[in-house]
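Quantities reported herein were computed from a predicted structural model and do not represent experimental measurements. By convention in this document, chain letters (A, B, ...) are assigned in the order of the sequence lines, proteins followed by strands, and residues within each chain are numbered from 1. No hydrogens, no waters, no symmetry mates; every other heavy atom, side chains included, goes into these values.
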Amino acid sequence: MAASVLRYENWRPLLYNDALLKTENRKLKTVLMDIPKTYDPKQAEQHIYARWEEQGCFAPEINHDPEAPIYSIVIPPPNVTGSLHMGHALQHTLMDVLTRHKRMCGYRTLWLPGMDHAGISTQLMVSRELKKEGLTRHDLGREKFVERVWQWKHESGGQILKQMRREGASVDWSRERFTMDEGLSRAVREVFVRLYEDGLIYRGDRIVNWCPTDQTVLSDLEVEKTPQAGKLYYLQYPLKTTNGEDRRITVATTRPETMLGDTAVAVNPGDERYRELVGVTISLPLTGREIPVIADEYVDAEFGTGAVKITPAHDPNDWEMGVRHALPQVFVIDQHARMTEDAGKDFFGLDRYKARELVVEKFEALGLLEKVVDYEFSISKCERCKTVIEPLISTQWFCRMDELRDRALRLMETEGKPRFTPEVPYRKVYTDWLENLRDWTISRQLWWGHQIPAWYTSEGKVFVARSVEEARAAAGTEELTQDPDVLDTWFSSWLWPFSTLGWPDETEDLKTFYPTSVLVTARDIIFLWVSRMVMSGMKFIGATPFHDVFITGTVLDKHGQRMSKTKLNGIDPMDVFEKYGVDATRLVLASVGSTDTRWNDNQVESYRNFANKIWNAARFCLMNSEGAKVSPDAFQTAAELPLHDRWILSRLNKTARDVDEALKSYSFHEAVQTLYHFFWDDFCDWYIELTKADVTAEESSPIRNAARSRLVTVLEQALRLLHPFMPYITEELWQRLPGVDEKLLHPAYTGAQPTIMLAAYPQRDAGLIDERAESEMNAVIDLISRVRNIRSELSVKPGDRVRVLVGANDEKLRDVFAANTDQIARLARASEINIHERLDAPRASARAVLAGGAEVAVPLEGLIDFAQERERLAREREKLQKEAAKLEAQLANPQFSERAPVEKVQETRERLADIAQRTSALQQMAEALK
RNA sequence: AGGCACGUAUGUCAAUGGUAGACGGCCACCCUUACAAGGUGGAGGUUGGGGGUUCGAAUCCCUCCGUGCCUACCA
């Protein structure tokens with residue numbers, strides 16, 4: 001029976017139809033007792049998401065308030081090849097928290113999902129599949145290959161989107177985008193043409209990072225540098241002398257094979273050792289070529305021998321020097337990293353590393369190898385396939401960045417946009433990088449991607465156009481060949497915030513949701529992506545693409561290492577969901593926020609326990625919910641409300657206030673802490689316990705039902721506060737509360753099916769924050785805690801009742817205790833509470849001092865060891881005296897009272913006075929024991 | 001090499017220059033009718049070392065040690 005009751009679709013009408021609510025069905029409690037004692041996250045995770053999706057809760061259209069403020073986020077598009085890792089889970093959690101929060105606040109909310117076509121990764125992935133069939137992409141040809149990639153995408157791409165559903169990500173699937181969609185491709189072509197027409201895109205010969213495996217150029221940002229233990233070879237080059245004298249110049253190199261392409265040796269112009277050699281000719285060994293010695297400031301006289309071999313065709317720095325000195329370029333290495341014909345017949349066709357060995361061998365044979373030393377240097381590798389990069393000269397397309405860069409920098413300077421969180425250090429990181437920006441190599445020698453919209457005539461004349469038709473018209477001929485290269489993947493990603501909204505058309509979405517509210521992303525793509533989006537946004541829309549940028553921390557493994565596929569130290573978020581539930585995992589991730597954090601299962605476990613605590617608190621409320629109803633009126637009888645009710649209202653409103661402020665400043669950790677403590681400490685530990693007496697009464701009565709209604713009403717508010725962080729459990733429970741209906745929805749969503757995700761997020765009501773209730777409640781809590789403390793220290797059996805004697809000078813305090821004797825007696829397990837102005841307790845009592853100077857005694861004839869008890873009191877006094885000493889020293893310092901703010905001095909005096917009072921009370925108690 | 005962070009309880013992390021906290025773990029006692037994934041109570045810190053500024057420093061400055069990240073170059 002219980003199992004069917006718990007089904008989402010049918011349990012609510014079954015339990016809470018009006019008839020049941022009216023008739024006080026006795027069976028209700030029995031049925032509800034069958035709610036399991038532990039929360040099973042999987043059950044909720046299975047059905048709830050689909051329901052939200054079916055009802056269209058994620059789309060901004062659900063909000064029908066024309067005046068609603070706008071909140072929008074575009075997802076950093078994950079690679080189509082990717083599957084969910086911790087970094088995604090972290091970002092998605094934060095974006096979902098923000099989105100759900102704003103949605104519940106009545107904003108018209110859009111969180112737009114989508115994917116990136118990920119040029120190199122995807123092409124590699126499909127090529128690898130082909131390899132299994134014994135094919136290469138060249139066997140298929142370009143068209144068939146691209147078709148095959150699309151097929152792969154449809155069949156197995158986008159795993160991550162399914163996983164996002166499990167995460168509870170409230171993205172609008174109706175607006176899902178892919179960077180290779182027709183719409184986005186059109187935006188890419190439009191941007192390319194406009195930049196070309198503005199003279200910002202050009203084609204030219206440059207030395208570039210070439211990946212010999214992937215057969216494509218890579219941008220600097222796609223290259224990773226790794227330290228490498230290698231060798232430094234000292235090669236001697238004979239100088240051409242008129243008198244036939246054997247003179248040599250020694251150069252040091254890590255890549256001897258490139259000497260075959262040397263066209264000069266450079267020295268620093270200020271270097272005395274070589275001054276007279278500048279201009280002298282060298283006969284380059286193994287080649288028979290003659291090359292000059294030149295002088296250039298770039299050369300560091302301190303390093304190596306102070307003389308550098310120059311290979312303009314195969315080294316970026318040498319290339320630049322070659323340009324400065326008009327040196328010839330000799331190509332000795334080809335695109336497959338093999339030696340060319342120009343390297344000489346001994347080397348032609350050799351792999352670069354084989355060639356290196358052979359060069360060294362030959363130098364040694366010639367007696368020109370001076371020495372070889374061990375040397376550690378960093379080597380450039382392809383980020384994707386880890387092949388060592390070969391710098392090569394080739395014709396590529398470039399984008400000039402100066403103008404774009406300047407606008408982005410000005411935006412930061414004048415408006416402080418985008419606003420980075422954490423501002424330190426990312427604002428500086430961002431601007432520093434922009435200031436040193438170089439031109440962007442945008443062409444890639446791949447097949448998968450946006451083919452460059454440039455066409456060539458048979459004479460090689462180029463026409464850049466939005467379409468082949470446009471190009472033909474411009475060229476006046478049908479005989480055009482399109483540039484075979486595709487654009488860097490980032491050339492579509494950098495348009496993401498507006499291309500996804502329909503640009504270049506002036507769509508409603510673009511007008512409504514651009515600029516987006518915030519970008520949540522990882523720090524390693526601040527340059528690759530964030531800065532470029534700002535530049536494109538400024539250029540093409542004239543406005544920043546996002547107001548805020550939140551940079552997440554990194555989830556590390558337990559040794560503080562980055563999680564990575566190669567290290568196999570990654571933790572799969574899906575496994576964690578499976579083990580602890582999505583909601584618990586989300587709390588951990590929300591707590592991570594912007595700090596680097598080592599992953600720790602204990603943390604998830606503790607939040608799993610928290611979810612269970614919520615479950616059981618709700619279970620208790622439901623078991624005692626006959627005659628109760630969630631209602632804003634539950635607290636309307638304000639004047640007569642008991643202390644604990646006024647107190648929980650105050651706590652609730654402070655919590656709403658604090659969570660709101662925390663989220664405003666992206667302090668996710670603080671928001672989680674606030675909610676955790678409110679729910680567990682305030683609501684469970686105290687409120688439920690304090691209201692239990694009324695709520696669990698056997699017989700129905702107006703008092704009982706009112707107390708029950710207040711209880712479920714507070715619970716309902718708490719669930720709403722928790723919802724953005726823990727969407728599943730809150731929905732699961734919310735649906736079961738009595739009296740939950742469409743009236744609880746935010747006004748912007750009236751008419752929608754009742755769901756907590758469209759309920760109004762609790763806003764602080766300053767009028768309900770009640771400092772007096774809080775301080776009175778604190779006094780009661782303090783008293784109960786002290787009695788519990790005494791019981792524990794003196795090993796009083798839990799079942800034994802004790803007498804509690806209270807002495808308080810303050811009449812108001814006595815009134816507070818008097819008004820709550822039943823509560824105190826119940827929670828402290830006391831048989832009676834006697835409150836007097838002065839404490840008058842039997843000698844055989846355990847005593848304690850409360851905050852505010854009240855005293856409490858628990859008579860324990862036979863249990864008290866007088867000496868031990870005196871010692872206990874002495875220890876406590878000692879603690880206080882230590883603190884008092886510190887405060888006294890502070891006050892004794894004349895500088896303190898002179899320079900510290902008046903309130904601080906006053907506060908210190910009060911604290912000291914309080915301590916003095918408590919100390920003397922403890923003293924008297926000790927006396928009483930003699 | 002330069003730059004930027006970080007270093008707090010046994011672990012993971014908090015703390016506008018003003019009483020150093022939370023969670024987990026640990027110890028003791030309790031299956032008290034929402035919850036043992038729980039309850040009650042408790043132990044545990046010269047905030048990496050040293051110096052300085054200040055009435056007052058985990059917080060600001062200097063320095064050393066350790067860790068991480070970024071950028072550039074390394075012929």
Looking at Y234(A), does the NZ or CZ of K371(A) lie under 6.0 angstrom from its six-membered ring centre and within 45 degrees of the ring axis? yes

Within the pair K692(A) and A34(B), is there a side-chain N or O less than 4.0 Å away from OP1 or OP2? yes

By side chain to side chain contact (heavy atoms under 4.5 Å, CB included), which residues pair with S594(A), not counting sequence neighbours? P422(A), F550(A)

Taking only residues two or more places apart in sequence, or in another chain, which ones meet D682(A) in a side chain to side chain contact (heavy atoms under 4.5 Å, CB included)? W647(A), I648(A), R651(A), F678(A)

Encode nucleotides 11-21 of chain B as B, S and - characters from 5' to 3', where the letter depends on protein heavy atoms closer than 4.0 Å: B to the base, S only to sugar-phosphate, - to neither. SBSS---BB--

Distance test, side-chain N/O of W680(A) to OP1/OP2 of G39(B), below 4.0 Å: yes

Could you tell me how far apart H677(A) (NE2) and C23(B) (C1') are, to the nearest whole angstrom? 7 Å

Would a distance-only check, ignoring hydrogens and angles, find a side-chain to backbone donor-acceptor pair under 3.5 Å from R704(A) to A697(A)? yes

Using the C1' atom as the point on both nucleotides, what is the distance between U59(B) and C6(B), in whole Å? 14 Å

Nearest-angstrom distance from the residue atom CD of E689(A) to P of G39(B): 10 Å

Who passes salt bridge (charged side-chain N to carboxylate O under 4.0 Å, His left out) against R356(A), sequence neighbours left out? E257(A)

Using whole Å, report how far CH2 of W319(A) lies from C1' of C73(B). 18 Å

Output every pair passing salt bridge (charged side-chain N to carboxylate O under 4.0 Å, His left out) with a member in residues 785-797 of chain A, not counting sequence neighbours, ordered by first then second residue. R786(A)-E876(A), E793(A)-R872(A)

Taking atom P in both G48(B) and A58(B), what distance in whole Å separates the two? 10 Å

Determine the contact category for E910(A): base if any of its heavy atoms lies under 4.0 Å from a base atom, sugar-phosphate if only primed atoms, P, OP1 or OP2 are that close, otherwise nothing. nothing

Checking P901(A) now: which residues fulfil side chain to side chain contact (heavy atoms under 4.5 Å, CB included) with it, not counting sequence neighbours? E903(A), K904(A)

Nearest nucleotide by nearest heavy atom, which residue falls closer to the 5' end of RNA chain B, D681(A) or D524(A)? D681(A)

Heavy atoms only, 4.0 Å cut-off, all strands: where does Y676(A) land among base, sugar-phosphate and nothing? sugar-phosphate

Applying salt bridge (charged side-chain N to carboxylate O under 4.0 Å, His left out), name anything that partners K42(A), two or more places apart in sequence or on another chain. E578(A)

Residues passing the ring pair (Phe, Tyr, Trp, His ring centres under 6.0 Å) test with F420(A), sequence neighbours excluded, are Y430(A)

Using a heavy-atom cut-off of under 4.0 Å over every strand shown, decide if R788(A) touches base, sugar-phosphate, or nothing. sugar-phosphate

Distances under 3.5 Å only, N/O to N/O: pair up the protein atoms with those of nucleotides 42-47 of chain B.
residue, atom, partner, partner atom, Å
G42(B), OP1, N789(A), ND2, 3.1

Least distance between heavy atoms, T305(A) atom then V251(A) atom: OG1-CA, 3.8 Å

Between G25(B) atom P and E605(A) atom CD, what is the distance in whole Å? 7 Å

Kindly point out which of C35(B), C4(B), A75(B) is positioned nearest to the side chain of K37(A)? C35(B)

Whole angstrom value for the distance that separates P of G38(B) from CD1 of I614(A): 13 Å

Please report the distance separating the C1' of G25(B) from the corresponding atom of C64(B), rounded so that it comes out in whole Å. 34 Å

Nearest whole Å is fine: how far is A37(B) P from Y580(A) OH? 13 Å

Could you summarise the pairing of RNA chain B as dot-bracket text, marking Watson-Crick and G-U pairs under 3.5 Å with ( ) or [ ] inside the strand and | across strands? (((((((...(((....[..)))..(((((.......))))).....(((((..]....))))))))))))....

Modelled atom types, side-chain donor and acceptor of T311(A) and D262(A), under 3.5 Å: yes

Rounded to the nearest Å, what distance is computed from the OH atom of residue Y607(A) to the P atom of nucleotide A22(B)? 14 Å

Contacts of W440(A) meeting ring pair (Phe, Tyr, Trp, His ring centres under 6.0 Å) (sequence neighbours excluded), chain-then-number -> F491(A), W494(A)

Short side-chain N/O contact from N609(A) to OP1 or OP2 of G38(B), under 4.0 Å: yes

Between G39(B) and K613(A), is there an OP1 or OP2 to side-chain N/O distance shorter than 4.0 Å? yes

Mind checking if C684(A) touches a base, just sugar-phosphate, or nothing, with heavy atoms under 4.0 Å? base

Could you work out the separation of A9(B) and U47(B) based on their P atoms and round it to a whole Å? 10 Å

Could you check whether V251(A) gets within reach of a base, just the sugar-phosphate, or nothing at all, counting any heavy atom under 4.0 Å? nothing

Contacts of F577(A) that satisfy ring pair (Phe, Tyr, Trp, His ring centres under 6.0 Å) - sequence neighbours left out: none

